[in-house]
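What follows is a short report on a single structure.
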Amino acid sequence: MNIVTITLLFFTITIPSTFSQPHNYTNFITPFETPQQQYYELTQQLPPNNIAPSCSINVLNHTFENTTNYVTVDYTPPSTTCEWSHAVLEFHAECIGQPIGHNIAGVWIEGVELLRTSMANPSDNETIFWNVRKDVTRYFSIITQNNLTLSVMLENLINEGVNYSVNVSFIFYSKFETSNLNRKLISYKDDRVNYDKLGLIREHQPADLIIPISTTIDEGCWFRIQDEFDVKMANVEISKRTYKAVLELYVSFHGDDEFWYMNPPDSYLKAYDLSNKKIKGPYREVLVTIDDKLVGIVTPYPVIYTNGINPLLWRPFVAIGAFDLPSYDIEFTPYLGFLLDNKKHSISFQVTNGVSYWLVSANLHMWLDHSNVQAFVEYTTPSMEIEDDYDFDGLDGEFEIEIERRTSTIGWIHSSLGILRTKVTEEMHFRNKLKFSEKGSRKQLEQKIKTKTRVKMTNEKDHLVRKTITEKLYPLNIDIVTGAEIGIGTPMMNTTVVQGRRESFSDEKASIKRVMNRNLNCSGSMLVNGDSIVSGSMENHQNYKYKDDINGHGCYSRKVDVVESVVVVDEASLICVH
Ligand SMILES: *[C@@H]1O[C@H](CO)[C@@H](O)[C@H](O)[C@H]1NC(C)=O
Ligand SMILES: *[C@@H]1O[C@H](CO)[C@@H](O)[C@H](O)[C@H]1NC(C)=O
Ligand SMILES: *[C@@H]1O[C@H](CO)[C@@H](O)[C@H](O)[C@H]1NC(C)=O
Ligand SMILES: *[C@@H]1O[C@H](CO)[C@@H](O)[C@H](O)[C@H]1NC(C)=O
Ligand SMILES: *[C@@H]1O[C@H](CO)[C@@H](O)[C@H](O)[C@H]1NC(C)=O
Ligand SMILES: *[C@@H]1O[C@H](CO)[C@@H](O)[C@H](O)[C@H]1NC(C)=O
Ligand SMILES: *[C@@H]1O[C@H](CO)[C@@H](O)[C@H](O)[C@H]1NC(C)=O
Ligand SMILES: *[C@@H]1O[C@H](CO)[C@@H](O)[C@H](O)[C@H]1NC(C)=O
């Protein structure tokens with residue numbers, strides 16, 4: 001058995017190419033104190049204030065018994081007597097040791113994706129479970145409809161028998177009093193401020209209509225992108241009444257590209273005849289086009305899945321986004337000029353430098369006026385600047401690449417709100433530095449992805465109607481040292497992962513400002529023999545901070561320290577730290 005992803009991540013001559021993801025470790029690690037151990041992702045609590053739900057619906061109970069599989073059920077919305085304003089999706093999974101491999105799952109209703117999640121693996125004879133809770137209020141127009149089909153796909157990336165029992169429920173709350181505590185950076189409560197007189201009250205409210213840009217369930221609703229030339233597309237025709245649109249993209253990376261950011265350039269591989277495989281270096285982006293015109297570029301957050309790099313690190317607190325992979329919003333409003341003509345248009349996805357394989361699916365959120373809308377776009381092709389510096393000698397070397405992307409588009413919308421001009425500018429800066437030393441047995445990554453997106457909307461009189469700024473900073477440092485083998489094929493591997501996710505959103509006109517700051521610092525060592533870890537140790541330190549400036553309210557922070565799988569510190573606070 002050989003998992004290619006790991007082979008690439010750890011490829012050096014000191015590790016046999018048959019090295020595979022170890023999964024067996026109960027023989028040495030501190031056993032969990034309870035027979036059923038819960039796994040967690042450190043994130044916002046939902047609901048933020050422990051209020052009782054108005055109602056809930058258990059939609060699905062299912063045991064996935066073997067490999068890649070999907071299940072579909074009928075989705076029924078809550079009864080009309082249930083009063084609610086916020087909806088939470090709960091994905092509960094349980095697994096009795098030991099499924100092997102990397103498992104990814106998705107939840108869709110009629111092809112509209114609500115959740116992308118990676119699945120944790122227990123070791124021998126362990127039972128683990130976890131609950132993922134996600135605010136799905138933005139899917140209002142879908143979850144209020146009758147007669148829809150909900151589907152769950154679970155993909156096991158190496159064909160081994162696997163039993164996961166999964167329950168999916170929707171829980172509805174009448175009010176999150178403190179909805180500004182919401183984990184999502186944009187919530188739907190604050191719109192009353194300043195927008196009423198402009199008729200833009202619905203600015204931060206859920207869309208009227210969401211259409212899936214996905215495929216059929218029998219292979220998962222996601223598109224499977226195999227390489228950089230693989231273009232996946234869907235033809236859509238959208239309502240002429242659309243005055244605002246956002247494309248929400250879900251993406252995950254697997255197989256040879258699970259650790260895309262650790263890939264040295266192909267010239268390194270070629271020079272030392274390590275492989276004739278193309279791994280295309282460490283830069284990836286998902287490109288979104290409308291009729292072949294590039295309209296969206298997403299540099300994905302490098303989510304480390306539940307057993308990535310060193311599975312011991314994530315017992316029982318998984319890495320950032322592992323249970324709730326981020327989705328990415330692309331402001332489509334300026335591009336409505338391409339779409340509002342009652343004709344079909346192709347929306348397509350591609351992965352720059354992509355290596356097998358990527359799973360992509362998207363939702364087009366649309367806000368409708370009461371009559372037809374006219375739209376015009378002044379399109380500028382996004383720019384790209386690349387600077388790289390590769391320097392290697394023997395197996396050691398330093399590879400540095402910096403990429404800058406700039407997008408700027410203007411669109412005019414003539415609707416019942418008058419003529420509004422929307423200008424969207426986005427700047428993305430990517431920097432990746434890989435260093436291989438100690439004859440290739442040590443690999444260090446320093447990576448930073450930074451994006452700043454500005455949306456500025458003005459009316460006919462050139463008065464500012466809306467100005468939002470979204471900033472994202474994704475730092476990731478990884479250090480992997482492979483020691484000498486203690487016996488054939490049993491190297492000691494020491495790993496450190498330091499990762500962050502900082503996101504801020506501000507809307508000047510509405511006086512909204514939200515900041516989320518997530519950090520982790522984990523280190524561990526493992527002695528590997530075949531597919532077993534024969535000894536090891538770990539430390540996992542994480543924190544989460546959320547701050548909302550409306551009225552100085554709305555803060556949440558939590559800090560967790562785990563040593564040898566035992567949670568030694570777990571502190572939460574609702575107090576704002578300035
Ligand atoms: C799922 O299982 C629970 C507990 O056994 C049960 O109450 C519920 O009705 C089941 N739901 C479905 C959709 O089968
Ligand atoms: C999940 O579904 C199973 C049946 O498949 C049921 O036994 C269990 O009680 C359910 N758990 C929850 C939390 O609903
Ligand atoms: C699981 O699926 C694989 C591939 O489809 C098949 O070869 C194997 O026999 C199945 N195992 C079980 C226990 O059903
Ligand atoms: C798991 O349980 C089986 C049966 O009880 C036992 O033979 C095996 O040694 C156990 N494995 C570990 C790693 O404890
Ligand atoms: C659901 O669809 C069926 C068959 O298409 C139809 O008879 C039924 O009225 C629909 N139910 C609702 C609540 O719309
Ligand atoms: C998975 O479930 C099937 C059916 O319930 C059972 O026969 C099989 O033994 C289970 N496999 C494991 C590894 O628990
Ligand atoms: C790995 O970590 C262990 C324990 O912390 C240490 O004894 C060992 O020297 C380290 N090995 C390498 C290659 O750094
Ligand atoms: C991570 O933790 C180690 C000690 O556990 C500390 O030395 C190091 O400075 C931390 N790194 C960051 C970036 O916080």
Side-chain angles (χ1 to χ4, degrees), residues 55-62 64 68-80 82 84 86-91 104-117 132 134-155 166-172 184 188 205-224 232-239 241-242 244-252 288 324-325 327-330 332 339 344-349 359-368:
C55 61
S56 65
I57 305 169
N58 173 224
V59 195
L60 169 98
N61 297 332
H62 181 76
F64 289 91
T68 298
N69 219 333
Y70 66 88
V71 58
T72 60
V73 287
D74 292 336
Y75 172 81
T76 319
S79 78
T80 48
C82 176
W84 62 276
H86 283 79
V88 169
L89 170 77
E90 183 171 272
F91 182 94
I104 189 87
V107 178
W108 294 263
I109 296 182
E110 292 296 311
V112 169
E113 185 158 358
L114 307 189
L115 176 73
R116 182 80 59 98
T117 181
V132 184
K134 176 172 182 178
D135 188 335
V136 291
T137 314
R138 76 182 297 193
Y139 305 101
F140 180 89
S141 68
I142 293 289
I143 57 184
T144 46
Q145 279 181 56
N146 263 304
N147 271 359
L148 301 184
T149 303
L150 178 139
S151 49
V152 179
M153 172 83 179
L154 173 78
E155 174 151 329
V166 169
N167 303 26
V168 176
S169 305
F170 287 82
I171 309 169
F172 299 90
K184 252 306 191 232
Y188 313 105
Q205 284 187 339
D208 299 304
L209 193 65
I210 306 175
I211 56 172
I213 317 284
S214 56
T215 173
T216 51
I217 181 63
D218 38 311
E219 8 174 271
C221 292
W222 42 45
F223 291 111
R224 188 173 299 262
K232 288 293 185 322
M233 64 165 219
N235 287 316
V236 295
E237 184 182 327
I238 76 166
S239 166
R241 295 196 287 129
T242 309
K244 171 181 158 83
V246 169
L247 186 90
E248 179 192 20
L249 184 92
Y250 279 90
V251 55
S252 54
V288 181
D324 181 5
L325 273 72
S327 64
Y328 306 86
D329 285 350
I330 301 167
F332 250 41
L339 297 168
K344 278 199 186 302
H345 294 275
S346 75
I347 293 184
S348 71
F349 308 109
L359 297 172
V360 174
S361 109
N363 307 323
L364 186 57
H365 297 250
M366 293 177 289
W367 286 257
L368 307 181

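Nearest heavy atom pair, residue Asn146 against residue Pro77, reads OD1-CD, 3.4 Å. Contact detail for Trp222 and Gly106: the closest heavy-atom pair is CZ3-N, 3.9 Å. The minimum heavy-atom distance between Arg138 and Val246, with the atom names listed, is NH2-CG1, 4.2 Å. Minimum interatomic distance between Asp208 and Ser141 (heavy atoms only, all atoms of both residues): O-CB, 3.3 Å. Pairing each heavy atom of Leu150 with each of Ile109, the nearest pair is CD1-CG1, 3.8 Å. Heavy atoms only, all atoms of each residue included: Ala87 and Ile143 are closest at CB-CD1, 3.5 Å.
The distance from the CD1 atom of Ile142 to the CG atom of Asn363 is 8.0 Å, given to the nearest 0.5 Å. Between the OG1 atom of Thr72 and the CG atom of Leu60 there is a distance of 9.5 Å, given to the nearest 0.5 Å. Separation of atoms CE (Met153) and CG (Leu359) is listed at 8.5 Å; rounding is to 0.5 Å. For the atom pair Tyr250 OH and Glu113 CD, the distance stands at 5.5 Å (nearest 0.5 Å). One distance of note links CG of Leu364 with CG of Leu209; it measures 8.5 Å at 0.5 Å rounding. The CG atom of Leu89 lies 10.0 Å from the OG1 atom of Thr117; values are rounded to the nearest 0.5 Å.
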Check step by step if side chain to side chain contact (heavy atoms under 4.5 Å, CB included) holds for Asn147 and Gln145.
CA-CA 7 Å; Asn147 271 359; Gln145 279 181 56; over 6 Å; no
Run the side chain to side chain contact (heavy atoms under 4.5 Å, CB included) check on Val251 and Tyr328 step by step: do they pass?
CA-CA 9 Å; Val251 55; Tyr328 306 86; 3.7 Å; yes
Test side chain to side chain contact (heavy atoms under 4.5 Å, CB included) on Leu154 and Val166 and set out the steps.
CA-CA 10 Å; Leu154 173 78; Val166 169; over 6 Å; no
Check the pair His365, Tyr139 against side chain to side chain contact (heavy atoms under 4.5 Å, CB included), reporting the backbone distance first and the verdict last.
CA-CA 9 Å; His365 297 250; Tyr139 305 101; 4.0 Å; yes
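No donor-acceptor pair under 3.5 Å is formed between the side chain of Ser151 and the backbone N or O of Val71. Between the side chain of Ser214 and the backbone N or O of Gly111 there is at least one donor-acceptor pair closer than 3.5 Å.
In this structure, the side chains of Pro78 and Cys55 come closer than 4.5 Å at one or more pairs of heavy atoms. Side-chain contact check for Ile238 versus Phe332: every heavy-atom pair is 4.5 Å or farther apart. Ile211 is listed as a side-chain neighbour of Met366, based on a closest heavy-atom distance under 4.5 Å.
Between Trp84 and Phe140, the two ring planes are tilted [angle within 30° to 60°].
With sequence neighbours excluded, the residues satisfying ring-ring contact (aromatic ring centres under 6.0 Å, His included) with Phe170 are Tyr75. Among residues two or more places apart in sequence or in another chain, the ring-ring contact (aromatic ring centres under 6.0 Å, His included) test is passed with Phe223 by Phe349.
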